[in-house]
Peer 1: 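Structure below; questions to follow.
Order of the sequence lines sets the chain letters (A, B, ...), proteins ahead of strands, with each chain counted from 1.
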Amino acid sequence: MRLSKYFLPTLKETPSEAKIASHRLILRAGMVRQASAGIYSWLPLGLKVLQKIEAIVRDEQIASGAQEILMPTIQSADLWRESGRYEDYGKEMLRIQDRHKRDMLYGPTNEEQITDIVRHAIKSYKDLPKNLFQIQWKFRDEIRPRFGVMRGREFLMKDNYSFDLDEAAGRHSYNKMFLAYLRTFARLGLKTIPMAADAGPIGGDLSHEFIVLAPTGESEVFYHKGFEDFDAMGEAAVYDKDLQPLVDRWTSLYAATDNKHDAAACPVKSSDLKTGRGIEVGHIFFFGTKYSEAMGATVQGQDGETTPLQMGSYGIGVSRLVGAIIEASHDDAGIIWPEAVAPFQVGLINVRSDNEASTKAADALYAEFLKAGVEVLYDDRDERPGAKFSNMDLIGLPFAVTIGPRGLETGIAEVKNRATGERTEIKLSGVVKHFAKP
RNA sequence: CGGGGAGUGGCGCAGCCUGGUAGCGCAUCUGCUUUGGGAGCAGAGGGUCGCAAGUUCGAAUCUUGUCUCCCCGACCA
């Protein structure tokens, strides 16, 4: 993409309302624009990142055996009356009426809806297990939205729901998601710690939160230093074996957020206890028959008996992850994207767009990048070098390739690693090869 | 929902106390000079001062109402 044609409204100055790094940076980098409190439009650069995160989340869901569906954002109040949550959910739920004065709502989550789908379609134990997921916009009318995209009212969420015949099978489904979440966040370049959690309004007795460690996270977290040696990517994606030992290992060490942590009662000796800051990006629940009983979602077992489905639900805050990743990875100059979610892999800078040789070389390199299938953002604008460098640092592409008359004298380009700041000189002929995926 | 703060050009702000018809920096446009870390000079365009009512000869400025946004707290993917 040529920057001269790209819609990328970056800001030199920081909007006054943004107090935390990720909020400041998504605005400055031209990724989003606030529409109203807690509601954002996604601009090209931001949407690209959102979609990359979405793709990884989707990939790991599918790898775990889940199947993708898409449910509506607007739901009927009647379904929620069946589960009793229409009354219980409170003001967080946005309630609306259609032209016939029917009560509707903008879904804050979809347990009722999925249960309705499944109870009509699944009648036999032979249809189980099933795990269905969607990546869909949700709306929760937060008392106080803040932190930009990290705590919006409208947000993109991956939610999925497992259905099993008995509790043991349900726990296996739960464990699958536990593993899938560890892998998902690791692929996104994040260090996460699972923590035992209250089930909250969704209900149930088995629940874990996944907390991303970020120096500017919203809550303080306490965890056993042993977590630092755990490697989520090392967990092979084998889902049909017994996953309990793996889950046990990841949950054997102490971890708690500040509202749960009691320094006096903490079982970990202080030399083993680490503190940091974190952001909740995922939450999984196993709640058994809470909804299936209330809504009559049952199957016949092998013995002919009718039993309610064992269910779990699992969420990942996809749009929140955009903010969380930035909180975990930025510096004074701007964002530092992990390669897996970077909107472009490489930024190409022509420092002297008035210089014929420089422009020719940069144009040629750009064409070569495109041909090699490397995602490249080419700053071909007639701007001063300083403006181009600063802008490139701000939007945080993993690598910046600089072409200018000075390097052309010896036939080299400068490649800068955004994360490390390291600069290397590479022969022009070898630049694209350096980035092309084999 | 409790407490605090702010709405003046795309962004950041001054002006308000003490009413007299709107200003600064950045950005934008034109021209010239410049060009390896957010250039310089000259010129130009752009504002119902959140909205509504009121006081007044006259309101960005005073009064009342209202809407929106932000920050701190309790709650949340």
Peer 1: Look through every strand shown and name the nucleotide pairing with G2(B) as Watson-Crick or G-U wobble, where both distances are under 3.5 Å.
Peer 2: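 When the pairing criteria are applied, C72(B) turns out to be the nucleotide that pairs with G2(B).
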Peer 1: Given C70(B), G37(B), C72(B), identify the nucleotide with an atom nearest to the side chain of R146(A).
Peer 2: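 Between C70(B), G37(B), C72(B), the one nearest the side chain of R146(A) would be C72(B).
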Peer 1: Is there a donor-acceptor pair closer than 3.5 Å between any side-chain N or O of Y314(A) and the backbone N or O of F133(A)?
Peer 2: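 No: the side chain of Y314(A) does not pair with the backbone of F133(A).
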Peer 1: Walk along nucleotides 1-14 of chain B from 5' to 3' and tag each nucleotide B, S or - by protein heavy-atom contact under 4.0 Å, base first, then sugar-phosphate.
Peer 2: B---------BSS-
Peer 1: Taking the P atom in each of A6(B) and C17(B), what is the distance between them to the nearest angstrom?
Peer 2: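 Per the computed distance, 15 Å lies between those P atoms.
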Peer 1: Picking from T257(A), V281(A), L190(A), what satisfies side chain to side chain contact (heavy atoms under 4.5 Å, CB included) with I211(A)?
Peer 2: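 Testing each of T257(A), V281(A), L190(A) against I211(A), the sole residue satisfying side chain to side chain contact (heavy atoms under 4.5 Å, CB included) is T257(A).
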Peer 1: Can you tell me the base-pairing partner of U66(B)? Count Watson-Crick or G-U wobble geometry only, both distances below 3.5 Å, and say none if there is no partner.
Peer 2: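 Base-paired to G50(B).
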Peer 1: Name every residue in residues 397-420 of chain A that has at least one heavy atom under 4.0 Å from any atom of RNA chain B, in order of residue number, or write none if there are no such residues.
Peer 2: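 T402(A), G404(A), P405(A), R406(A), G407(A), E414(A), K416(A), in order of number.
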Peer 1: Can you confirm if the NZ or CZ of R320(A) lies within 45° of the ring axis of F155(A) and under 6.0 Å from the centre of its six-membered ring?
Peer 2: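 Output no; distance or angle outside limits.
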Peer 1: Under the 3.5 Å rule, do the base of G38(B) and the side chain of R381(A) count as making a donor-acceptor pair?
Peer 2: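 Not at all, since no donor on one side and acceptor on the other fall under 3.5 Å apart.
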Peer 1: Choose from C75(B), U35(B), C26(B) the nucleotide whose nearest atom is closest to any side-chain atom of D354(A).
Peer 2: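 Looking only at side-chain atoms, D354(A) lies closest to U35(B).
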Peer 1: Using a cut-off of 4.0 Å on non-hydrogen atoms, how would the nucleic acid contact of D393(A) be classed: base, sugar-phosphate, or nothing?
Peer 2: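 Base contact.
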Peer 1: R28(A) near the nucleic acid: base, sugar-phosphate alone, or nothing, with a heavy-atom cut-off under 4.0 Å?
Peer 2: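 Result for R28(A) = base.
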Peer 1: Which one is paired to U34(B), where only Watson-Crick or G-U wobble pairs with both distances under 3.5 angstrom count?
Peer 2: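 In the structure as shown, U34(B) has no Watson-Crick or wobble partner.
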Peer 1: If you apply the rule ring pair (Phe, Tyr, Trp, His ring centres under 6.0 Å), what do you find for W80(A) with Y89(A), and how did you get there?
Peer 2: CA-CA 9 Å; W80(A) 285 66; Y89(A) 215 92; 5.7 Å; yes
Peer 1: Once you apply a heavy-atom cut-off of 4.0 Å, does K19(A) come out as touching a base, just sugar-phosphate, or nothing?
Peer 2: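 Sugar-phosphate: the residue K19(A), judged by heavy atoms under 4.0 Å, touches backbone atoms but no base.
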Peer 1: Say we look at U21(B) and G47(B): how far apart would their C1' atoms be, to the nearest angstrom?
Peer 2: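 Going atom to atom, C1' in each nucleotide, I get 13 Å.
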Peer 1: Does C57(B) pair with anything, Watson-Crick or G-U wobble, both distances under 3.5 Å, and if so, with which nucleotide?
Peer 2: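 Here C57(B) is engaged in a pair, and the nucleotide opposite it is G20(B).
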Peer 1: Students often get this wrong, so: under 4.0 angstrom with heavy atoms, is G90(A) touching a base, only sugar-phosphate, or nothing?
Peer 2: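 The answer is nothing, as G90(A) stays clear of every strand by at least 4.0 Å.
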Peer 1: Mind telling me whether F344(A) and Y6(A) have parallel, tilted or perpendicular rings, with 30° and 60° as the class edges?
Peer 2: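 Taking F344(A) first and then Y6(A), their aromatic rings stand perpendicular (interplane angle over 60°).
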Peer 1: May I ask whether F155(A) stacks on the base of A77(B), given the cut-offs of 5.5 Å between ring centres and 30° between planes?
Peer 2: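 Answer is yes, a stack.
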Peer 1: Paired with A44(B) by Watson-Crick or G-U wobble geometry, both distances under 3.5 Å: which nucleotide is it?
Peer 2: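 Result: U28(B).
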